[in-house]
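Numbered from 1 within each chain, the chains take letters A, B, ... in sequence-line order.
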Amino acid sequence: MSLNKLSKLHSKLLRSAVCVGNIPPAGEYYNLKKRRGLTGLAFCLPGFFGIAIFYLVPFLDVVRRSFVQASGGRFCGADNYKIVLGNAAFQLAAKNTARFILVCLPLLLLLSLLLALLVNGLGVRLKAAFKSAFLLPMAIPAASVVLLWKLMFDTHGFVNGIADWLGLAPVDWMNTDAAFAVLVFSYIWKNLGYTLVLWMAGLASVPQDVYEAAQIDGAGRLVRFFKITLPLIKPMIFTIVVLSLLNSFKVFREAYLVSGGYPQESIYLLQHLFNNWFLDLSVDKMAASSVLLALVIGIFVAVLEHSWEDVPYRSSHE
Amino acid sequence: MNRIGKLLSVLILTVFGLMTAAPLFFLFCGGLMGNGEINEYLKPFIYHMDGYAGWRLFPLYPTLRNFVKLFLDSPEFFRMFWNTMAVTAGILLGQFLFGLPAAWGLARYPVPAKKVFYMLCIVLMMLPFQVTMLSEYLVLNRLGMLDTLWSMILPGVFSTFSVFLMYRFFCGIPEELLESARIDGAGELQIFFMLGVPLGASGILSALVLQFLECFNMIEQPLVFLKEKSRWPLSLYLPEIDEKQMGFALCCSFVALVPPLLVFCMGQQYLEAGIMAGAVKE
């Protein structure tokens, strides 16, 4: 055995001794950890430098701007916030956004859970085929379907054509409150597959033997769902809610491309408002509302982080 | 009973599956239709006449004329197509250079203030574009990059979503493996390239696929950062096509979704893995 190999073996033994629990000299261990930490930092630094330049530092500037007047730059306390919160357009947009989320989320979650349960009962090949079909909208850019959406929801469009054929009255989809339904449809179409895959991941984490045991004990399908599946995937529901919620902001793309910067009133969302304030260069209002929105989303993220922490513990206890 | 139940579930799924997949089929067939045929079906829509737009599942007289026109006679389409490709390539490449090592460092080393970095990644990844729009504008303005493709590439390179994804996958590599490589004398860079990258490949691919789809869907950023039309990405060009040229517009819409569709077909398993990484902690 060469000297080199011997020394390697020696260090290997030393390390394994460390692993077993022999305590190394405190200083040496501390140094090793510190050196490792610095190596890691070297890997992280270029990326985080960029993040700091493009996101962190300017966001601090935005926070500063939210407390000063746009013209003159004098400190004005919470005035910008008061202006934003009292702004009629902001109130309308916030209300619409909240309403959109409150309608869409339960609808999306229930529908995708139902479909996930159905897909889960199928054989391997059908399962894969349906999953692909549901995920397909993720691959279709919003810009490519805009034309189809327009064709469908025009007063002379496909949907009204079908309604007419069924003997129903036509609807002016884009210029009445029905626009809201179009937006909901568009969101669900886009996100169904995403949420379905999340649910399926949750369902797959439920151990099969628990089902079998319950089945032997005579539990029916519904009982098994409500007594086993639902409690076991409960920690995931939070995560799925938050992820879907955050995805819901992207519905602006379809809304904007189909009906521009000033759509029908019921689908005028916060995203439209931000866009229009940007075009008007209302920096003070934008700054204040960015900070407000960031705070609200920060809270959701904290909830999400909390629910992430929950998942491994609960599932490992079962 | 069980058989009927299964049949019923397949039926329900088929209805929804057709609904989600139909637009692709529609765009494909629309692209193959001649302008004469398509105008006939969509007359009420295009000219706001009485009656309703109709459609045929398959074109009566399929023709490649619109595809030919698109490929030979529409320089704008190609300029914007290449804009989109350039932005996508720039972002993906940049994330390899910056995001990949950052994810590795965060996942595998006792970096000081690790938790802070991690939370920062998550918060930034969750913020919708509208919240960071003003900040991004301020920097890009300061750097003189407004109205250039860089205004889309650079903020995209440092978006933390892919860092988070790759982090998740890197965390799953067993520490013993890296430890034994160290004992055999491998340097930290060597470990990163020889073990980290190959073992985290599925995470890297997940990030790649999701980011690619996102890039082809960029609308908010070019809308506010780009004024000059020649730098627009496809996603802003498509809705601009004249409604009187329906066949051509459908054809463009279809061609525009071919790259993301190919990525989807090749990388669906990574797409799914990427989605799931957001929900299940390894």
Side-chain angles (χ1 to χ4, degrees), chain A residues 11-12 33 36-37 39-41 43-44 46-47 50-51 54-55 58-59 61-62 115 118 121 130 133-134 136-148 151 154 156-158 160-161 164 194 197-198 201 236 239 243 246 249 253 257 271 274 278 286 290 293-294 297 301 308 311-312, chain B residues 9 12-13 16-17 20-21 23-24 26-27 44-45 52-53 98-99 101-102 104-106 109-112 122-124 126-128 130-135 138-139 154-155 158 160 183 188 213 216-217 219 224 235 238-239 249-250 253 256-257 260-261 264 268 272 275-276 278-281:
Chain A
S11 67
K12 212 173 206 167
K33 201 182 165 199
R36 285 272 177 83
T39 316
L41 208 57
F43 275 111
C44 292
I51 291 172
F54 280 94
Y55 294 101
F59 193 73
D61 192 30
V62 168
L115 294 180
L118 293 181
F130 279 119
F134 290 128
L136 198 58
M138 284 193 78
I140 302 182
S144 286
V145 283
V146 163
L147 207 57
L148 175 59
L151 271 170
D154 188 76
H156 303 284
F158 296 148
N160 277 346
D164 183 64
Y194 184 95
V197 168
L198 289 177
M236 267 196 81
T239 314
L243 285 174
L246 296 163
F249 282 97
R253 291 171 180 165
L257 292 180
Q271 295 91 305
F274 270 74
F278 183 86
M286 270 197 85
S290 296
L293 204 53
I297 288 168
V301 172
W308 266 334
V311 176
Chain B
S9 69
I12 297 172
L13 286 170
F16 280 97
T20 50
L24 180 68
F26 169 83
L27 290 173
F45 170 80
Y52 301 102
F98 296 98
W104 175 251
L106 214 53
Y109 295 93
V111 177
I122 294 183
V123 171
L124 279 178
M126 295 300 186
L127 288 182
Q130 283 79 16
V131 174
T132 56
M133 171 159 67
L134 183 60
S135 336
L138 293 171
V139 190
L154 284 177
F158 298 107
T160 54
I183 289 161
E188 300 297 321
L213 300 181
F216 260 74
N217 225 339
I219 284 163
V224 290
S235 44
L238 291 177
L250 288 177
S253 298
L257 72 74
L261 188 66
F264 174 81
Q268 197 195 332
E272 284 174 32
I275 294 171
M276 286 193 276
V280 195
K281 199 166 188 170

Colleague: By side-chain hydrogen bond (donor to acceptor under 3.5 Å, both in side chains), which residues pair with A:Gln271, not counting sequence neighbours?
Modeller: none

Colleague: Looking at A:Pro141, A:Ala142, A:Gly157, which one has more heavy-atom pairs under 4.5 Å with chain B than the rest?
Modeller: A:Pro141

Colleague: Work out which heavy atom in B:Phe158 is nearest to a heavy atom in A:Ile51; give both atom names and the distance.
Modeller: O-CG1, 3.6 Å

Colleague: So, do A:Phe43 and B:Tyr109 have ring centers that fall under 6.0 Å from each other?
Modeller: yes

Colleague: Which region of A:Leu147, side chain (C-beta onward) or backbone (N, CA, C, O), has a non-hydrogen atom less than 4.5 Å from a non-hydrogen atom of chain B, or is it both or neither?
Modeller: side chain

Colleague: Taking atom CD of B:Glu188 and atom CZ of A:Arg36, what is their separation to the nearest 0.5 Å?
Modeller: 6.0 Å

Colleague: Do you know the tightest heavy-atom contact between A:Phe59 and B:Ser135?
Modeller: CD1-OG, 3.6 Å

Colleague: Tell me, out of B:Pro112, B:Pro23, B:Ala249, B:Ala21, who's got the most heavy-atom pairs with chain A below 4.5 Å.
Modeller: B:Pro23

Colleague: Quick one, B:Leu13 and A:Leu118 - any side-chain contact, counting heavy atoms below 4.5 Å?
Modeller: yes

Colleague: At what distance, to the nearest 0.5 angstrom, does CE of A:Met138 lie from CG of B:Asn217?
Modeller: 9.5 Å

Colleague: Assign the ring pair A:His156 / B:Tyr52 to parallel, tilted or perpendicular, where the plane angle (0 to 90°) is split at 30° and 60°.
Modeller: tilted

Colleague: Report the C-alpha distance between B:Ile122 and A:Val301 in whole Å, list the side-chain angles of each, state the deciding distance to 0.1 Å, and finish with yes or no for side chain to side chain contact (heavy atoms under 4.5 Å, CB included).
Modeller: CA-CA 7 Å; B:Ile122 294 183; A:Val301 172; 3.5 Å; yes

Colleague: Under 4.5 Å from any heavy atom of chain A, what part of B:Leu138 do you find: side chain, backbone, both or neither?
Modeller: side chain

Colleague: Can you name the nearest heavy-atom pair linking B:Met276 to A:Leu198, along with the distance?
Modeller: CA-CD2, 4.4 Å

Colleague: Relative to chain A, which segment of B:Phe26 carries a heavy atom at a distance below 4.5 Å: side chain, backbone, both, or neither?
Modeller: side chain

Colleague: Would you mind checking which part of B:Ser235 comes under 4.5 Å of any heavy atom in chain A, side chain (CB onward), backbone (N, CA, C, O), both or neither?
Modeller: both

Colleague: At their closest point, which heavy atom of A:Ile297 faces which heavy atom of B:Met126, and how far apart are they?
Modeller: CG2-O, 4.1 Å

Colleague: Where on B:Leu134 is there a heavy atom nearer than 4.5 Å to chain A: the side chain, the backbone, both, or neither?
Modeller: both

Colleague: Quick check for you: to the nearest 0.5 Å, what is the distance between A:Cys44 atom SG and B:Phe98 atom CZ?
Modeller: 13.5 Å

Colleague: Please state whether the side chain, the backbone, both or neither of B:Leu24 comes within less than 4.5 Å of a heavy atom of chain A.
Modeller: both

Colleague: Are the side chains of A:Leu115 and B:Ile12 in contact, using a 4.5 Å heavy-atom criterion?
Modeller: yes

Colleague: Under a 4.5 Å heavy-atom cutoff, which of A:Val146, A:Asp154, A:Leu293 has the most pairs with chain B?
Modeller: A:Asp154

Colleague: B:Leu238 versus chain A, heavy atoms under 4.5 Å apart: side chain, backbone, both or neither?
Modeller: side chain

Colleague: With A:Asp164, which residues qualify under salt bridge (charged side-chain N to carboxylate O under 4.0 Å, His left out), at least two apart?
Modeller: none

Colleague: Tell me the closest heavy-atom pair linking A:Ala139 and B:Phe264, and the distance in Å.
Modeller: CB-CB, 3.5 Å

Colleague: Examine whether an atom of A:Phe278 lies under 4.5 Å from a heavy atom of chain B, and if so say whether it belongs to the side chain, the backbone or both; otherwise answer neither.
Modeller: side chain

Colleague: Using a cut-off of under 4.5 Å on heavy-atom pairs, state which of A:Gly161, A:Ser290, A:Pro137, A:Gly50 scores highest against chain B.
Modeller: A:Gly50

Colleague: Would A:Leu136 and B:Leu261 count as a side chain to side chain contact (heavy atoms under 4.5 Å, CB included) if you check the C-alpha gap in whole Å, the side-chain angles of each, and the deciding distance to 0.1 Å?
Modeller: CA-CA 8 Å; A:Leu136 198 58; B:Leu261 188 66; 3.7 Å; yes

Colleague: Is A:Phe130 close to chain B through its backbone or its side chain, or both, or neither, when contacts mean heavy atoms under 4.5 Å?
Modeller: side chain

Colleague: Is there a side-chain contact between B:Pro155 and A:Tyr55 in this structure, where contact means two heavy atoms from C-beta onward sitting under 4.5 Å apart?
Modeller: yes

Colleague: B:Gln268 versus chain A, heavy atoms under 4.5 Å apart: side chain, backbone, both or neither?
Modeller: side chain

Colleague: Please look at B:Leu213 and chain A and tell me whether the side chain, the backbone, both or neither of the residue comes under 4.5 angstrom of a heavy atom of that chain.
Modeller: side chain

Colleague: State, to 0.1 Å, how close B:Leu27 and A:Ser144 come at their nearest heavy-atom pair, and which atoms those are.
Modeller: CD1-O, 3.6 Å

